[in-house]
Q: 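One structure is given below, represented as C-alpha cells, and several questions about it will come after.
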Amino acid sequence: MTTSSFEFTDKNQQVEVTSANKSLTFSIVKPEIIQVFQDYGKSTHSYAVEGDKTVDTKYAVSKDADHVIIKTDALTVKVDADLHVDVYDQDNHPLVIHYDGQRESINQNIDSAHKKIVRSEGHEVATVDEASKTYYEVLNQLDDDEQFYGLGDKTGFLNKRGYEYDNWNVDEPRPHIESFTHLYKSIPILFGIKQGHPYGLFFDNTYRSHFDLGKESAKYYVYSADDGNLNYYILGGRTLKDVVADYTYLTGVVPLPQRWMLGYQQSRWGYSMDPKRVEEIVDKFEQYHLPLEAIHFDIDYMKGYRVFTWDTDKFADPKGFLTSLRKRGVRVIPILDPGVKQDDDYDIYQEGLKKGYFAKNKDGSVYINRVWPGKSAFPDFGNPDVRKWWGKHCKFLLDKGAAGIWTDMNEPATFDGDMPDDVVMTDEDQPSTAKMMHNVYGHNMAKATYNGIKDATGKRPYVITRAAYAGTQKYSTAWTGDNQSLWHHLQMSIPQLCNLGLSGFSYAGTDIGGFSADTTPELLTRWIEAALFSPLFRNHSALQVRNQEPWVFGKQTLDIYRKFLNLRYHFIPYLYDCFKNETETGLPVMRPLVLNYPDDETVRNMNDEYMVGDNVLVAPIVQQGQTARAVYLPEGEWIALDSGVQHSGRTNILANVPIDKLPVFIKKDTLMPWGQAVEHISDKPDTKMTFRLFGNAATYTHYQDDGIDFNYQKGEYNQYVVSVTADGNCQIKLDHHGYAGQYQTIDVQLNDRVVEFKFDDKSGSYVAAK
Ligand code: MIG
C-alpha cells in the first residue's frame, strides 16, 4: 500500500490520476482519441458528442517517479504530479506539451495609468485576462513552426496562429474583420501541426471560452474557460486527414443532402413582401436561362413577424403559390427566428406560455426582449419537449409547400441588450441558465427543426442555421451571417469556409455578392467564380442595398454569371460524390490545400486557393482590378480545366484571369463525372451520365441514388466503378445495383474519342457500343 498522493486507478478504459486532492480522468475512446476530464461539478451532458463513442481499445498504464503514462497504439499521454499533460504520437513526436511558465501581457510599453486613459476613450487594451485565469486554463508550449486551423467561422486567415478568439455566439452587423474574436458560431476544435505532426484538441464546453494562439506570446498558446468542467479530447493520428476524420467521428458528419440542395439558390430580404416580386424573380431566371433551385423567403412573409404564420393579406393562397413555383422547378425556403411575439391573441405564444416552454427570468417570470416582432419570448430549446413542440409546428410551413427552413437570429440575437447569463433555461432534464445554454441555443433550434422536417416529410431535411456549436453539422447547413459586399469579405470567404469544413461543417456557404453594402458588377462576378464549389450556393442580400441578381448589371455580368452557374451544374455529380465520401470519411468537400498536402510548407498559409475533394484545385481572383495571378500547384501533375494544358506541381504558375475566367485544375489521371447544365435539378433520375478523363488512366467510383429520401440507407443506391487504362481500355462496373434509376447511357470521354456504354437489361451491366 502506497501512501503517495500521486497515484492512478484504471478501470474500463478510464484512468483516473490523482495528486494532492485533485484528479484528472482520461477516457480512452479509441487509440487516436483520449478524453481529459476534470470535474468542476457542472453538467456533463454533451450537445456535440451524442452517444458513447468508446471502442474497445488496447492500452497500457504505468507509473514512474514523475509520471503516470497512458499508452495506446497511437498516443502516449504523460501526466505529472501537478496534473500537467504532455502528449506524443506513436513515434514519440511531441504533439501537446504543457507550458510551465507564467502567462505574460503583450508588451505595449504602457503603464496602468495610461492604459486607463486610452480605455476611457473607448479603445481596447489587451491584457492577461485575470477573470478567466481564475477559473481554469490549459497552457501549452508553442513551437516556432506550429500552425493552427479549425475553430469554425472565425474571421481572418486560414492559419489561426498569432490571433486570439472567443467562443460566444454573437450577431455581428459590423464588417467582419480579422481583429474580431468571435462571430455567430462556437466550434472549439483546434487542429495543430507541430514540427510537421498533426493533432487536434476539442474543448467540449459550452460556456464562454477563449483561445490565445500565440498572440500574447510566441512561447505558448492557451485555452481558457469562464465556467464548466474541464473537458477536452486529444486527437492524434498519422495524418491531418486522420485527425479531422476523428473529430467528425466524435461530433458527427453532415448527412447526405438532397441533390437539388447543391444547386443555385437566390435570396433577398424583401422578396417575400409581395408574391408578384417573387414571381418576377422567377420569370427573370427563366427568361435569362439561369438555373435556380430555391428562393429563400425572409421574415416578410409572416404576419407581423409571428413565427408559424403566413401573411394572407400579401399571399392570398400561400400553398397554391408555392405549388405554382414548384411546378416551375423552384422551391421555397422560409425563415424562422426563435423570438415568439408576446401577444395574448397569438396561439404559439399562448401555448408556449401555458406549457412553460419559454426561457425565464430568475424570478420565474417569462424573459422578454425585443426582436423583429417587437417584445418576444424565447423558446427554451435545451428542453427536449420544447424541441418536439417546435419541430411539430414546422409542419405548418411544410404543409404550405416549404422545401426546407432557414433558422436565423439564434445566437440568440436581441435588440434591447444581450440576454443576461442568469436567464433560466433547461439542459435536457436539468435546470440551467443562459450562461451554459447560450452557445447551444442555435444548435438546439436547428436540431428541433431538422427532426420536425424529417418526421413530417421523410425526406433529407434542409435547414440553414446562423448560430451553431460543435456537432450542429448533423442537423443543418450553415451560412456565415451578415457579410458585406466588400473585397475583403470575398477574400475571407475562402479561409472561413475551409476552416468551417475542417470543423465538421462540410456544408456551408457565404452570402454570394455580399449581404450588406452595395455590390459592384466586378465583385459579384468574382464572387460567383470564387464560390463556384461552395457547398451552399446562395446569393443573398439585405433589404436596403442595391439589387444583386445576376442580370442587374447588364449583359456582360449576366453572361459570365450564367456561364459559371452552368459550370457548377456540370460538377454537381462530383459534389454529390464528395458528399457521399464525406459521410464515410468525415472529410470536408471544400477544403484547404493543407488538408491534402500537410507536408508541403507552402500551403500552410494559403488563403486564396482551395480544393474540392482530392482532385480539383481552384484559384479564383479575389482582388479588385486583378486579371492575372500566381497559382501554386502542389506535387503532381495538373490539367487546366479551360485549356487542357498540363502543368507540373510544386511551383507557382502565372495564370491570366480576365473577368470571365476562373482557374480550375484537375489532378492528372482523374475521371470526372460531368453532369448536365440543367435549369432545375429533377427529382427523376438522370438517364445519361458522362465521365471525362483528365490524363491517361484513372479509376473512379461514382454514387447515385434518388437524391431525396433515406431509402439509400436500405441499399437503394447504385455504385459505378469506371476505369480507363493507359492503353485506352475502358470499363464500367455496376458494383452495387439497388436503385432502379440506373443510367441508360454512359459516355466516357477519352482524349481522342468518346466510348458510349449502354445499360443492358438482361445482364444488368454496361456494354460498350461499337
Ligand atoms: O437583423 O431576417 O443574417 O440573412 O436577411 C437582421 C433579416 C435579421 C439577419 C440575417 C440575414 C437576414 C436578416 N436577419
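If you're wondering where the values come from, they're calculated on a predicted model, not measured in any experiment. Numbers here are sequence positions counted from 1.
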Q: Measure centre to centre between the rings of Phe579 and Tyr507, then say whether the value is under 6.0 Å.
A: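 Under 6.0 Å, so yes.
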Q: In this structure, which one of Tyr271, Trp479, Trp527, Phe515 forms a ring-ring contact (aromatic ring centres under 6.0 Å, His included) with His540?
A: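 Result: among Tyr271, Trp479, Trp527, Phe515, Phe515 is the only option passing the ring-ring contact (aromatic ring centres under 6.0 Å, His included) with His540.
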Q: Could you check whether any side-chain heavy atom of Tyr264 comes within less than 4.5 Å of a side-chain heavy atom of Ile528, counting everything from C-beta outward?
A: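 Of all side-chain heavy-atom pairs linking Ile528 with Tyr264, at least one is under 4.5 Å.
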Q: Are Ile653 and Phe665 packed together at the side-chain level, in the sense that at least one heavy-atom pair is separated by less than 4.5 angstrom?
A: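 Yes, their side chains come closer than 4.5 Å.
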Q: Going by side chain to side chain donor-acceptor pair (under 3.5 Å), Arg259 matches just one of Asp686, Asp705, Asp683. Which one?
A: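 Of the listed residues Asp686, Asp705, Asp683, the side chain to side chain donor-acceptor pair (under 3.5 Å) partner of Arg259 is Asp686.
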Q: Pick out which of Tyr700, Phe691, Tyr574, Phe571 makes a ring-ring contact (aromatic ring centres under 6.0 Å, His included) with Trp674.
A: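 When Tyr700, Phe691, Tyr574, Phe571 are each tested with Trp674, the ring-ring contact (aromatic ring centres under 6.0 Å, His included) holds only for Phe571.
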Q: By ring pair (Phe, Tyr, Trp, His ring centres under 6.0 Å), which residues pair with Trp269, not counting sequence neighbours?
A: Trp372
Q: Which residue, Phe396, Trp406, Phe297, forms the side-chain contact (heavy atoms from CB on, under 4.5 Å) with Pro334?
A: Phe297
Q: Any donor-acceptor pair under 3.5 Å linking the side chain of His570 with the backbone of Gly675?
A: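 Judged by distance alone, yes, a pair lies under 3.5 Å.
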Q: What pair of heavy atoms forms the shortest contact from Thr449 to Cys394, and how long is it?
A: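 In this case the closest contact between Thr449 and Cys394 is CG2-SG, 4.1 Å.
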Q: Between NZ of Lys284 and CG of Leu292, what distance do you get to the nearest 0.5 Å?
A: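 It is 13.5 Å, given to the nearest 0.5 Å.
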Q: Under a 4.5 Å cut-off applied to non-hydrogen side-chain atoms, are Leu490 and Gln624 in contact?
A: no
Q: Any side-chain to backbone donor/acceptor pair from Thr465 onto Ala467? Under 3.5 Å, distance only.
A: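 Yes; at least one donor-acceptor contact below 3.5 Å.
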